Chemist: 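Okay, here's the structure, questions in a sec.
Chain A is the first sequence line, chain B the second, and so forth, proteins listed ahead of strands; every chain is numbered from 1. These figures come from a predicted structure and were not determined experimentally. All values below were derived from every heavy atom in this structure, side-chain atoms included, with hydrogens, water molecules and symmetry-related copies excluded.
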Amino acid sequence: MDELNWELVTEPSQIPKVMEDFGRHQLLGFDFETTGLHYMKDQVHGMGLANPDRAWYITMPVLNQLMPWLKDRMHDPRVQSIGHNVKFDLHFLKKLDPTIKPANIVDTMVAQWLVDENERLGLKHVAEARLGMEGLLTFKDLQRITKADKGFKRMDEVTVYDMDLDLLGKYGAMDPWLGVQMWPELYWDLVQESQEQHFFDTEMPFIFVLQRMEETGFYVYTDKLLELRYEWEKRHTELFEQWCDLTKTKGEDSKYPNGRNPNSNPQLAEWFYDILDLPISFRTEGGAPSTKALAIMRLSYVDESGSANLIKEYRKLDKLLSTYVNPFLEKTYNGYIYGSYNHTGAVTGRLSSSDPNLQNIPAHGETGSQVRRVIGAPPGSLFLMIDYSQIELRLAAHYAQVQALMETFAQGGDPHQTTADLVGVVRYIAKNLNFAWFYGAGPRKFCDMVEEKGYPRPSMTDAKRWFWQFGEAYPELMDWKFAVLRAGKRLGHVRTITKRRRHLPELSSFSERDRGRAERQAVNSIIQGSAGDLIKWAMLQIDPILEDYDARMNSQTHDELGFIVPNDAADEFALIAQQKMVAVEEVFDLSVPILAEPILGQTWGDTKES
DNA sequence: CAGCGAGGCGCG
DNA sequence: AAAGCGCGCCTCGCTG
């Protein structure tokens, strides 16, 4: 491996030489160093630039003078603009010049993810594995060094401006250079595995779609959010005080003279199972008595102190406040919440979301609606939500060619009712049987599932019988699973509808546990991963028509897409977007009809009512 | 102070 | 015979 040959660029006079020295190379690595990870709030400190021979770190504001040249290079389709997690850098590239759109981007993180979704995807890890480099500094190392050098008390006090410029510059120049070094080998791997077309035609364009989604954000109705906080905080305090009062233990040597901490599971367990001596119904992975919701629910039937009901309500409010209400208030920036959608977040091919996670916002019950009613579209626009109806069940029916389900879907029927009729159970039992199947759950977990939703717990005898009858009702599902596992074991992977792979070497494990898990993952990954492929395809189709309606896509929650649309364009756009979503039926030649339902409202909560 | 695993829980 | 898929974030309690 060549040594890094790099240069720090801080003076305008150096710019012409950078352009000249870069030459006509067609591999252009780039990577921004910024004041933080917030793509809206944070600022560019400088940019690392690299070709296969050398690298530069160019600081602001001198970097501005390089932008026309950079744009010219990046707009040349023969030039590959290479980065690791390019979406992040696109945000900052746009800040420096809103008109830049690289014609040919390469994301080495996404490439590595396609090659092996199980590998660690951080630049340092990939570089160490692929280039045989070791001891590469991370940004965190830079922070630690700076903290020690300059005597900071805390890590979060250290900013990029405190760092030694030679150290930061070398680091900033190294990153894009590593990308340029890795790419030829990664490309070769993609070709070997026939993934290069998918990489260039789907995954790379998708980065722009995600980038635009992120910069759209969710409009926040801050007043409503503050009201929610006031109301829930009040009740939360009340419950906390009641709990402390109830659970304090008197006596000189008492550990809890002021009450127990309701957020501490060990303290909860001690209270319920030692002090009150109530029966233990579940144990944790580590063998401790569990205080999970279902356990508390059971306790509430026999607990006379009222503490079980107290903790139920406390937990609910605490979750809402600490995970949604307070973080949303803190993260609201210029009236919007900006989260991240992580392209490589899931091994199945789904997206994940973080900072904040916009894919796990409460959806059920009144409190869920209350949270969802604080985010949506700004006044003058509407929030549009379009969700696929039972996409995973439809894919299961398609893959396994399940006659009964194919007929149900063809007639616009209810698949859960079909299961109910065939198995001879009520609908909610059937619905859970359907879910249990593609998660690979057994009778015991199935019973837990039903009980958790507030229905009476079925007997194990009934559950086992229903499982058997389920198999009788859908023999194709059983045959398909068998075929999937046989092929998967032979190849060491399974594939989704777009031929993306999930590697599952453990299908050949001799450990019953490990192999069992891999088998459940194999079946689920085909269904879940293909559903992810379908919505990704739809998003790519919808993206170019957004501007015709001045609409913005702003969210994806696995089987649903969210948009902000001007009032007068809303109905028409909803119809077009819906058509694009259901078009996957023909494009992927599915054996079942695909349905997507659009709903309009001012906020996300309003789209859940009707 | 920083980092981590565990337990718990929100979503699809 | 028994077998829950995929995520991210919160707090606690412990370790270095």
Chemist: DNA chain C: A/Thr348 or A/Asn263, which has the more 5' nearest nucleotide?
Modeler: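 Nearest nucleotide further toward 5': that of A/Thr348.
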Chemist: Does A/Asn326 have any side-chain hydrogen bond (donor to acceptor under 3.5 Å, both in side chains) partners at least two apart in sequence or in another chain, and if so, which?
Modeler: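 Here no residue qualifies.
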Chemist: Could you measure between the two C1' atoms, the one in C/dA3 and the one in B/dG10, and give it in whole Å?
Modeler: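 Straight-line distance between the two C1' atoms is 25 Å.
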Chemist: Is a donor on one side and an acceptor on the other found under 3.5 Å between the side chain of A/Arg260 and the backbone of A/Leu246?
Modeler: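 No, because the side chain of A/Arg260 does not come within donor-acceptor range (under 3.5 Å) of the backbone of A/Leu246.
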Chemist: When all nucleic acid strands are considered with a 4.0 Å heavy-atom cut-off, which category describes A/Glu392: base, sugar-phosphate, or nothing?
Modeler: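 Answer is nothing: A/Glu392 stays at 4.0 Å or more from every strand.
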Chemist: Surrounding NZ of A/Lys41 (heavy atoms of other residues, nucleotides or ligands, distance under 6.0 Å), is the total greater than 12?
Modeler: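 Buried by this count: over 12 neighbours within 6.0 Å.
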Chemist: Please classify the nucleic acid contact of A/Val347 as base, sugar-phosphate, or nothing, using heavy-atom distances under 4.0 Å.
Modeler: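 Sugar-phosphate only.
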Chemist: Return each pair, listed once, that meets salt bridge (charged side-chain N to carboxylate O under 4.0 Å, His left out) where at least one residue sits in residues 513-527 of chain A; pairs must be two or more places apart or across chains.
Modeler: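 For residues 513-527 of chain A: A/Glu512-A/Arg515, A/Asp514-A/Arg517, A/Arg515-A/Glu519.
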Chemist: Taking side-chain hydrogen bond (donor to acceptor under 3.5 Å, both in side chains) as the test, write out the residues that go with A/Ser290, two or more places apart.
Modeler: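 Residues passing side-chain hydrogen bond (donor to acceptor under 3.5 Å, both in side chains) with A/Ser290: none at all.
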Chemist: Counting Watson-Crick and G-U wobble pairs with both distances under 3.5 Å, what is the dot-bracket string for DNA chain C, 5' to 3', using [ ] for crossing pairs and | for pairs to another strand?
Modeler: ....||||||||||||
Chemist: Counting any heavy atom closer than 4.0 Å, what does A/Asp448 reach on the DNA or RNA strands: base, sugar-phosphate only, or nothing?
Modeler: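 Result for A/Asp448 = nothing.
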Chemist: Only counting residues at least two apart or in another chain, list the ones meeting salt bridge (Lys or Arg N to Asp or Glu O under 4.0 Å) with A/Asp274.
Modeler: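 With neighbours one apart ignored, the set is empty.
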Chemist: Using the salt bridge (charged side-chain N to carboxylate O under 4.0 Å, His left out) rule, collect all pairs that involve residues 281-291 of chain A, keeping only residues at least two apart or in two chains.
Modeler: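 Non-adjacent pairs meeting salt bridge (charged side-chain N to carboxylate O under 4.0 Å, His left out): zero.
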Chemist: Categorize A/Gly345 for me: base, sugar-phosphate, or nothing, with a 4.0 angstrom heavy-atom threshold over every strand shown.
Modeler: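 The answer is sugar-phosphate, as A/Gly345 gets under 4.0 Å only of primed atoms, P, OP1 or OP2.
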Chemist: Enumerate the side-chain hydrogen bond (donor to acceptor under 3.5 Å, both in side chains) contacts for residues 349-358 of chain A, please, sequence neighbours excluded, ordered by first and then second residue.
Modeler: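 Listed once each, the pairs are A/Asn342-A/Ser352, A/Asn342-A/Ser354.
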Chemist: Can you measure A/Gln390 atom CD to B/dG12 atom P for me and round it to whole angstrom units?
Modeler: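 My rounded result for the distance is 14 Å.
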Chemist: With A/Asn432, which residues qualify under side-chain hydrogen bond (donor to acceptor under 3.5 Å, both in side chains), at least two apart?
Modeler: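 Only A/Lys453 meet the side-chain hydrogen bond (donor to acceptor under 3.5 Å, both in side chains) criterion with A/Asn432.
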Chemist: Under 4.0 Å, heavy atoms only, any strand: does A/Asp355 hit a base, just the sugar-phosphate, or nothing?
Modeler: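 Since only primed, P, OP1 and OP2 atoms lie under 4.0 Å of A/Asp355, the category is sugar-phosphate.
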Chemist: Output the rounded distance in Å from NZ (A/Lys431) to P (B/dG12).
Modeler: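 In whole Å, B/dG12 P lies 11 Å from A/Lys431 NZ.
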Chemist: List the protein contact pattern of nucleotides 3-11 of chain B with one symbol per nucleotide (5' to 3'): B for base contact, S for sugar-phosphate-only contact, - for none; contact means a heavy-atom distance under 4.0 Å.
Modeler: S---SBBBS
Chemist: State which residues pass side-chain hydrogen bond (donor to acceptor under 3.5 Å, both in side chains) with A/Thr159; sequence neighbours excluded, sorted by chain then number.
Modeler: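 Checked A/Thr159 against side-chain hydrogen bond (donor to acceptor under 3.5 Å, both in side chains); matches are A/Asp162.
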Chemist: Extract, from 5' to 3' on DNA chain C, the first and final nucleotides lying under 4.0 angstrom from some heavy atom of chain A.
Modeler: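 Nucleotide range with atoms under 4.0 Å of chain A: C/dA1 to C/dG13.
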Chemist: NA contact type, A/Gln521, heavy-atom cut-off 4.0 Å: base, sugar-phosphate, or nothing?
Modeler: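 Result for A/Gln521 = sugar-phosphate.
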Chemist: Who passes ring pair (Phe, Tyr, Trp, His ring centres under 6.0 Å) against A/His236, sequence neighbours left out?
Modeler: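 A/His236 satisfies ring pair (Phe, Tyr, Trp, His ring centres under 6.0 Å) with A/Tyr314 once adjacent residues are dropped.
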Chemist: When all nucleic acid strands are considered with a 4.0 Å heavy-atom cut-off, which category describes A/Arg502: base, sugar-phosphate, or nothing?
Modeler: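 Sugar-phosphate: the residue A/Arg502, judged by heavy atoms under 4.0 Å, touches backbone atoms but no base.
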